[in-house]
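Here the structure is laid out as structure tokens; the discussion comes afterwards.
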Amino acid sequence: MLFWLLKFYIRIEGENYLPIPIYRHVASFLSMFKLLVIGLIIIGRDPFTLVGVQAPGIWEWGQQNKIYACMMVFFFSNMIENQLMSTGAFEITLNDVPVWSKLESGHLPSMQQLVQILDNEMKMNVHMNTRTHHHS
């Protein structure tokens, strides 16, 4: 089995698997809104007076504890943004042919499954290549 892995060049690439567009847009909006809220906390501007509403207690607390409030907004917003942008994808392709999909299977392959999948795919590729050379 190791022979097959050593005989062929294997290229491993990682890339992001984008979530659906609505999640991306909500995460982008939340990122901008987070910066606006942090900016308002820092400069001490009460946005509730602009709409004629009394500021809630959490806003008053934030004005008295600006560092903690900014950190809370930053970390809470980042947690939500990361959740929106996370797909949990782990997709494996060999020669541009999908051989494993966590999105479809719902779980990661075990090391034994992964080695078996790669071994089978490489054996099949060798078999297809030898048939192509014999017919040429």
Side-chain angles (χ1 to χ4, degrees):
M1 189 167 10
L2 186 58
F3 169 74
W4 294 110
L5 293 175
L6 293 176
K7 187 173 179 180
F8 296 97
Y9 171 72
I10 297 177
R11 185 183 74 208
I12 299 173
E13 292 181 5
E15 59 186 70
N16 290 328
Y17 193 88
L18 293 175
I20 60 175
I22 187 71
Y23 286 176
R24 290 193 313 248
H25 295 305
V26 170
S28 180
F29 170 78
L30 190 57
S31 179
M32 292 295 152
F33 186 71
K34 164 185 65 181
L35 296 175
L36 175 67
V37 170
I38 289 173
L40 290 172
I41 291 170
I42 290 171
I43 64 172
R45 179 76 185 216
D46 184 359
F48 298 97
T49 59
L50 296 174
V51 290
V53 178
Q54 183 178 356
I58 188 108
W59 184 260
E60 298 298 329
W61 175 86
Q63 289 303 300
Q64 295 167 4
N65 303 285
K66 291 185 181 212
I67 294 175
Y68 291 127
C70 289
M71 288 174 56
M72 258 181 38
V73 169
F74 181 80
F75 288 119
F76 185 66
S77 175
N78 279 354
M79 180 182 68
I80 295 170
E81 289 170 48
N82 286 335
Q83 192 65 32
L84 288 169
M85 294 300 290
S86 176
T87 60
F90 186 81
E91 313 301 293
I92 301 173
T93 58
L94 182 64
N95 296 329
D96 297 325
V97 176
V99 294
W100 185 271
S101 171
K102 182 183 172 205
L103 295 176
E104 290 179 15
S105 69
H107 62 90
L108 292 171
S110 68
M111 184 56 81
Q112 183 179 1
Q113 284 176 312
L114 183 56
V115 170
Q116 186 65 44
I117 289 167
L118 293 175
D119 189 43
N120 290 343
E121 289 293 325
M122 285 192 236
K123 283 179 183 175
M124 192 165 49
N125 285 340
V126 167
H127 179 69
M128 296 301 263
N129 286 341
T130 56
R131 291 179 95 199
T132 305
H133 291 304
H134 288 301
H135 292 296
S136 299

State yes or no: do [X] and [Y] share one hydrophobic cluster built from I, L, V, M, F, W and Y residues joined by side-chain heavy-atom distances below 4.5 Å, directly or via other members?
X: Tyr17; Y: Tyr23; answer: no
X: Trp59; Y: Met71; answer: yes
X: Phe29; Y: Val26; answer: no
X: Phe33; Y: Phe75; answer: yes
X: Phe74; Y: Val37; answer: yes

Is there a donor-acceptor pair under 3.5 Å between the side chain of [X] and the backbone N or O of [Y]?
X: Lys102; Y: Leu108; result: no
X: Asn65; Y: Trp61; result: yes
X: Lys34; Y: Val73; result: no

State, with a plain yes or no, whether a side-chain heavy atom of Ile42 is found less than 4.5 Å away from one of Cys70.
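Yes - at least one pair of side-chain heavy atoms lies under 4.5 Å apart.
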Please name the pair of heavy atoms, one in [X] and one in [Y], separated by the smallest distance, quoted to 0.1 Å.
X: Ala55; Y: Asp46; answer: CB-OD2, 3.6 Å
X: Leu18; Y: Arg24; answer: CB-NH1, 3.5 Å
X: Ile41; Y: Ala69; answer: CD1-CB, 4.0 Å

How about [X]: does its [atom1] atom have over 12 heavy atoms from other parts shown lying under 6.0 Å from it?
X: Ile67; atom1: CD1; result: no
X: Arg45; atom1: CZ; result: no
X: Phe48; atom1: CZ; result: yes
X: Met79; atom1: CE; result: yes
X: Glu60; atom1: CD; result: yes

What's the separation between atom [atom1] in [X] and atom [atom2] in [Y], rounded to the nearest 0.5 Å?
X: Leu30; Y: Phe76; atom1: CG; atom2: CZ; value: 9.0 Å
X: Ile38; Y: Met72; atom1: CD1; atom2: CE; value: 11.0 Å
X: Thr49; Y: Gln54; atom1: OG1; atom2: CD; value: 11.5 Å
X: Ile80; Y: Met85; atom1: CD1; atom2: CE; value: 14.5 Å
X: Asn82; Y: Ser77; atom1: CG; atom2: OG; value: 9.0 Å
X: Ile117; Y: Gln112; atom1: CD1; atom2: CD; value: 11.0 Å

Go through the steps to decide whether Leu36 and Met32 satisfy the test side chain to side chain contact (heavy atoms under 4.5 Å, CB included), and finish with yes or no.
CA-CA 6 Å; Leu36 175 67; Met32 292 295 152; over 6 Å; no
If the plane angle is over 60° it's perpendicular, under 30° parallel, otherwise tilted; pick one for His107 and Trp100.
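Plane angle over 60°, so perpendicular.
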Could you check Pro98, Pro109, Ser101 and say which one makes a side chain to side chain contact (heavy atoms under 4.5 Å, CB included) with Ile92?
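Only one option passes, and that is Pro109.
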